[in-house]
There are 2 protein chains.
Amino acid sequence: MSENGPGSAKKSTSQRRSATRAVTMADVARAAGVSTQTVSRALRDPRSVGPDTLDRIETAVRETHYVQNFAASHLASNRSMTVAAIIPTISASIFADTIQGLTDVLLPEGYQVFLGHTDYTPAREEALVRSLAGRRPDGFFIIGTRHTQEATEILKRTGMPVVESWSWTSRPVDLLVGFSNHAAIMSVVDHLVAGGYRRLTFAGMVRPGDHRAKDRLKGFIDAHARHFPGQATRVVTAASGAMEMERGVELLHRVRETHPETDAIVFASDVLAAGAVLKCGALGIRVPDDLAITGFGDYDIAAHLTPALTTVAIASRRIGMEAARLLLQRMHGQAVEAKMVDVGFELLVRGST
Amino acid sequence: MSENGPGSAKKSTSQRRSATRAVTMADVARAAGVSTQTVSRALRDPRSVGPDTLDRIETAVRETHYVQNFAASHLASNRSMTVAAIIPTISASIFADTIQGLTDVLLPEGYQVFLGHTDYTPAREEALVRSLAGRRPDGFFIIGTRHTQEATEILKRTGMPVVESWSWTSRPVDLLVGFSNHAAIMSVVDHLVAGGYRRLTFAGMVRPGDHRAKDRLKGFIDAHARHFPGQATRVVTAASGAMEMERGVELLHRVRETHPETDAIVFASDVLAAGAVLKCGALGIRVPDDLAITGFGDYDIAAHLTPALTTVAIASRRIGMEAARLLLQRMHGQAVEAKMVDVGFELLVRGST
DNA sequence: CTGTTAGCGCCTTCAC
DNA sequence: GTGAAGGCGCTAACAG
């Protein structure tokens with residue numbers, strides 16, 4: 001963006017334009033001896049122009065090193081060929097798989113992805129939605145189904161397809177690809193109770209803006225109340241800090257201090273559970289004999305621990321792919337197969353219970 | 001501007017425009033009783049207009065639910081306020097931290113990030129570069145320093161700031177934030193040799209397009225040759241498959257079959273090393289007595305294994321943040337502090353060696 | 001199959 | 001501090 005002109009720096013038409021004025025479609029058209037319209041057509045659909053014309057245009061593009069300006073294209077056609085994606089966090093997160101799935105499907109179709117993260121902060125999510133809406137994406141992908149009123153308002157008003165995900169609700173903004181975190185944890189509790197465990201404790205990170213975590217906690221509380229009516233619920237949570245194995249170790253210690261009678265810990269994430277299982281190994285606590293442990297997410301590590309971790313598998317990558325498919329259908333003006341897709345979950349019973 | 005009445009259902013000028021014609025700056029200007037110019041100024045720098053004017057404009061923005069169109073802004077100003085980021089893969093990768101660092105710095109500055117992944121395929125990288133260049137980002141971030149000639153050509157020609165990363169080279173396209181993978185592995189080998197290990201084997205995934213992995217392998221070979229001149233180098237690699245712990249388990253088995261005399265395995269990634277350490281635990285192989293193991297990356301799990309994993313820590317997140325800072329300096333027209341930033345690495349000696 | 005015309009919504013320049 | 005004019009690069013409509 002340097003304002004000094006490398007080379008001779010033409011004064012150009014009138015506007016500031018940076019140093020070496022960029023090659024435009026008009027340059028290509030001139031070089032090929034056709035109109036810009038024909039170049040435009042050739043670029044979007046090569047078969048829509050004559051073979052020899054196409055040939056001259058392709059040569060001209062190569063010689064001029066022309067790179068199409070999508071901003072102008074966007075403005076003129078009212079289609080940006082972009083999708084905005086908003087996730088809580090990128091680092092070491094299972095959402096990375098979802099984004100991978102999303103881009104795996106969208107990039108080959110010519111769409112590009114704007115990515116932003118909220119750090120589980122509703123205000124930041126709203127700011128992101130507002131900001132990304134200014135890019136006029138053709139579609140919106142977002143983790144979660146709870147947003148600020150203003151964010152929801154913006155999402156609805158734009159009229160573009162919106163996919164919410166990783167949760168379940170009967171009233172999505174538009175489209176939904178998710179599953180019930182509540183039901184998933186209930187299935188874990190059912191499994192533990194069926195296995196003879198009676199003194200269960202929930203342990204997890206429950207950040208204020210993380211409604212998935214809240215749903216899991218609520219799933220535990222509800223299942224516990226059903227199996228052990230009247231009995232107090234054991235819950236240990238952390239509200240801050242990074243989602244790391246160290247948190248799992250800390251939670252393990254807190255459970256053993258606060259609820260020493262615990263015979264099974266239901267962790268809200270495999271990361272935490274893995275930290276706990278590894279720590280148990282180091283401390284000589286026998287899993288599952290002394291203490292059963294369950295996780296959530298079926299991360300890579302779950303199957304490799306000793307004992308292997310009982311957990312709930314979520315089709316993280318598939319969520320992204322399904323979301324992309326729904327968006328594509330809408331963006332192509334087709335009717336969507338279903339407005340709501342439940343990818344479900346799968347309880348994987350392994351050695352830790 | 002549009003000459004049609006904004007209130008009544010417009011037959012619109014002529015262009016297709018979707019159903020509910022979007023609110024434009026002209027609508028806001030009309031509502032506030034000022035020119036679009038003033039609205040434009042107020043939006044970019046609130047202090048550049050009178051206090052009462054600002055007030056009327058802000059009210060008008062709120063009432064009309066105006067959302068600025070950045071595509072138009074981009075076209076008129078020749079600044080897109082976007083940065084393009086290209087990484088090999090998003091899933092379960094350490095690059096996620098880098099992207100997090102990048103966006104952590106860029107989003108608050110008003111920049112938005114386009115993300116694409118290449119799956120370690122040069123051709124896909126080139127296609128992505130070409131495609132993203134069409135968005136006219138104000139900056140480019142890319143993992144790696146080796147690209148196809150055409151990709152390099154495009155990156156250079158655009159004239160925008162480009163940060164390459166996660167490797168080291170004396171001749172970057174533009175800017176560089178990285179470290180020497182070669183030197184990092186050499187330090188691992190030096191450490192092992194100093195610890196008395198004599199029969200080292202390298203094990204890793206070395207995909208055709210992954211030059212970081214190749215640098216690590218070369219680092220091993222060079223260090224090995226220095227310490228054990230004339231002696232054959234032991235190397236076991238996998239060229240395909242996902243980077244998962246299971247690969248580490250497989251590599252462990254192959255090392256034990258192919259080079260049973262091995263007393264230390266140098267893994268190219270903590271993911272692989274973790275799989276191997278966990279498997280050793282299950283098989284009763286004592287680490288480090290029977291077999292020493294090292295990793296790369298200092299992933300969360302490294303410190304939690306038993307024994308804890310000796311590895312090389314890379315400031316993954318910091319790479320993203322430094323890159324963002326350099327890009328910002330360039331995009332703001334300032335001189336960069338340094339064109340090349342070596343974030344280094346740190347050998348973390350733990351129980352596995 | 002190809003060209004002409006008229007903007008898309010905003011910002012830069014230059015007046016006042 | 002504010003406004004008027006014109007154009008950024010491309011594409012939707014319509015011819016022909």
Side-chain angles (χ1 to χ4, degrees), chain A residues 1 3 11-18 21-30 32-57 61 64 66-81 133-136, chain B residues 1-4 6 10-18 21-30 32-57 61 64 66-81 133-136:
Chain A
M1 243 12 60
E3 59 294 350
K11 32 122 54 91
S12 94
T13 46
S14 75
Q15 231 141 312
R16 75 280 87 167
R17 301 282 84 206
S18 78
R21 197 179 145 305
V23 179
T24 73
M25 197 176 266
D27 297 323
V28 177
R30 204 171 304 121
V34 295
S35 72
T36 58
Q37 203 39 237
T38 305
V39 176
S40 176
R41 284 193 197 97
L43 258 37
R44 272 170 302 158
D45 180 8
R47 297 162 315 177
S48 67
V49 300
D52 50 329
T53 308
L54 179 59
D55 205 53
R56 293 204 324 273
I57 290 175
V61 166
T64 57
Y66 173 65
V67 177
Q68 188 169 13
N69 185 327
F70 288 123
S73 168
H74 172 180
L75 194 58
S77 69
N78 202 32
R79 302 193 322 143
S80 67
M81 296 300 285
R135 298 285 168 188
R136 301 292 194 272
Chain B
M1 305 306 113
S2 59
E3 62 289 0
N4 58 315
K10 62 318 57 217
K11 31 117 72 103
S12 103
T13 45
S14 72
Q15 232 142 315
R16 75 283 83 170
R17 303 278 88 205
S18 76
R21 197 179 145 306
V23 179
T24 74
M25 198 176 265
D27 298 323
V28 176
R30 203 171 305 121
V34 296
S35 72
T36 59
Q37 231 18 257
T38 306
V39 176
S40 176
R41 284 193 197 96
L43 258 38
R44 272 170 301 156
D45 180 8
R47 297 163 313 178
S48 67
V49 301
D52 50 329
T53 308
L54 179 59
D55 205 53
R56 294 204 323 274
I57 290 175
V61 165
T64 56
Y66 173 66
V67 177
Q68 188 169 13
N69 185 327
F70 288 123
S73 168
H74 173 179
L75 194 58
S77 69
N78 202 32
R79 302 193 324 143
S80 67
M81 297 301 284
R135 298 286 168 187
R136 300 291 193 274

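Every chain is numbered from 1 and lettered A, B, ... according to where its sequence line falls, protein lines coming before strand lines.
Between the side chain of A/Gln68 and the base of D/dT11, no donor-acceptor pair of N or O atoms lies under 3.5 Å. Put simply, the side chain of B/Arg41 and the base of D/dG3 share a donor and an acceptor less than 3.5 Å apart.
We find that CD1 of B/Ile57 is positioned 8 Å from P of D/dG3, with the value rounded to whole Å. Between A/Asn78 atom CG and C/dC10 atom P there is a gap of 12 Å when expressed in whole angstrom units. In this structure, the CZ atom of A/Phe70 is 20 Å from the C1' atom of C/dG9, given to the nearest Å. Between A/Leu75 atom CG and C/dG9 atom P there is a gap of 7 Å when expressed in whole angstrom units. Atom P of nucleotide C/dC8 and atom CG of B/Asp27 are separated by 12 Å, given to the nearest angstrom.
Applying a 4.0 Å cut-off to non-hydrogen atoms, the residues of residues 42-56 of chain B that approach DNA chain D are B/Val49, B/Gly50, B/Thr53, listed by residue number.
With sequence neighbours excluded, the residues satisfying salt bridge (charged side-chain N to carboxylate O under 4.0 Å, His left out) with A/Arg30 are A/Asp27. For B/Ser40, the side-chain hydrogen bond (donor to acceptor under 3.5 Å, both in side chains) partners are B/Arg44, not counting sequence neighbours.
With C/dG9, D/dA5, D/dA12 as the choices, the nucleotide that has an atom nearest any side-chain atom of B/Gln37 turns out to be D/dA5.
Between the B/Thr36 side chain and the B/Met25 main chain, no donor and acceptor come within less than 3.5 Å of each other. A/Arg136 places a side-chain N or O within 3.5 Å of a backbone atom of B/Gln68 that can act as its donor or acceptor partner.
Considering every non-hydrogen atom in both A/Gly33 and A/Arg56, the closest pair reads O-NH2, 3.8 Å.
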